[in-house]
Chemist: 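This is the structure I want to talk about, given as structure tokens.
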Amino acid sequence: MDPFCAAVRSLIASIPTGTVATYGQIARLAGKPRGARQVSWVLHSQSGKYKLPWQRVIGVKGRISLPLHRGFFEQRRLLRQEGIDVDNRGSVDLKKFRWPGPGETLPAKKKGTGRAGP
DNA sequence: AGTATGACGTTTT
DNA sequence: AAAAACGCCATAC
């Protein structure tokens, strides 16, 4: 098994309820800065098998990436069910719901403050 | 082996 | 600011 997949599963499983993360962020933390698409692949491939909270992973713009004819509505419903505010277009306010929140501890990985620099 | 594809992200119009 | 083009990288065929 690829360590990348394991890292992705672990990271996604560690996303707290009520928060969301982006594909690129997960990919970066998993060690593949350009592996955002592969994160999505791990999700739609193994989410059901490993019971992962796939709904907490969205695009970098805070927008649900699923096409309307796929699980878009289901993801929107699940996120709202967790208390995350999602508008009808599938947009989430990353400033409020992004994981890790400002000042929260990251699973041991560099990446300074991650926020507004000096 | 080579091409097409996608639950992405960054850069350029 | 919004949209299109381009770049990535593992699968599918």
Chemist: Whether A/Ser40 contacts B/dG6 is assessed here as follows: a side-chain N or O lying under 4.0 Å from the phosphate OP1 or OP2. Is that the case?
Modeler: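 No, because none of the side-chain N or O atoms of A/Ser40 sits under 4.0 Å from OP1 or OP2 of B/dG6.
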Chemist: Find the distance A/Trp54:CH2 to B/dC8:C1' and express it as a whole number of Å.
Modeler: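 Distance, rounded to whole Å: 17 Å.
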Chemist: Answer with yes or no whether the hydrophobic clustering places A/Trp41 together with A/Leu43; edges join I, L, V, M, F, W, Y residues whose side-chain heavy atoms lie under 4.5 Å apart.
Modeler: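 Yes, A/Trp41 and A/Leu43 fall within the same hydrophobic cluster.
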Chemist: Grab the CG-P distance between A/Leu66 and B/dA7 for me, whole Å please.
Modeler: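 Atom CG in A/Leu66 sits about 7 Å away from atom P in B/dA7.
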Chemist: Using Watson-Crick or G-U wobble geometry with both distances below 3.5 Å, tell me the partner of C/dA1, or none.
Modeler: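 Matched C/dA1 with nothing under the 3.5 Å cut-off.
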Chemist: Could you state the atom-to-atom distance from CD of A/Glu74 to P of B/dA7 in whole Å?
Modeler: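 Atom-to-atom, A/Glu74 to B/dA7, this comes out as 15 Å.
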Chemist: Let me know the distance between CZ of A/Arg76 and P of B/dA7, rounded to the nearest Å.
Modeler: 18 Å
Chemist: In whole Å, I'd like the distance from the CD1 atom of A/Ile26 to the P atom of B/dA7.
Modeler: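 A/Ile26 atom CD1 is separated from B/dA7 atom P by 18 Å.
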Chemist: Kindly indicate whether the side chain of A/Thr17, heavy atoms from C-beta on, has any atom under 4.5 Å from the side chain of A/Arg56.
Modeler: yes
Chemist: Has the side chain of A/Arg89 got a donor or acceptor atom that lies under 3.5 Å from a matching backbone atom of A/Arg63?
Modeler: no
Chemist: Would you check if the side chain of A/Gln75 reaches a backbone N or O of A/Gln55 as a donor-acceptor pair within less than 3.5 Å?
Modeler: yes
Chemist: Output one letter per nucleotide in nucleotides 6-13 of chain C: B when a protein non-hydrogen atom lies under 4.0 Å from the base, S when only the sugar-phosphate is that close, - when neither is.
Modeler: -BBBSS--
Chemist: Nearest whole Å is fine: how far is B/dG6 C1' from A/Phe72 CZ?
Modeler: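 Atom-to-atom, A/Phe72 to B/dG6, this comes out as 18 Å.
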Chemist: Report yes or no: does A/Asp2 contribute a side-chain atom to a donor-acceptor pair with the main-chain N or O of A/Phe4 at less than 3.5 Å?
Modeler: no
Chemist: Would you call A/Ile12 and A/Pro53 a side-chain contact if the rule is heavy atoms closer than 4.5 Å?
Modeler: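 A side-chain contact exists here, since the closest heavy-atom pair is under 4.5 Å.
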Chemist: Output the rounded distance in Å from CZ (A/Arg63) to P (B/dT10).
Modeler: 17 Å
Chemist: In whole angstroms, how far is the C1' atom of B/dC8 from the NE2 atom of A/His44?
Modeler: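 In whole Å, B/dC8 C1' lies 12 Å from A/His44 NE2.
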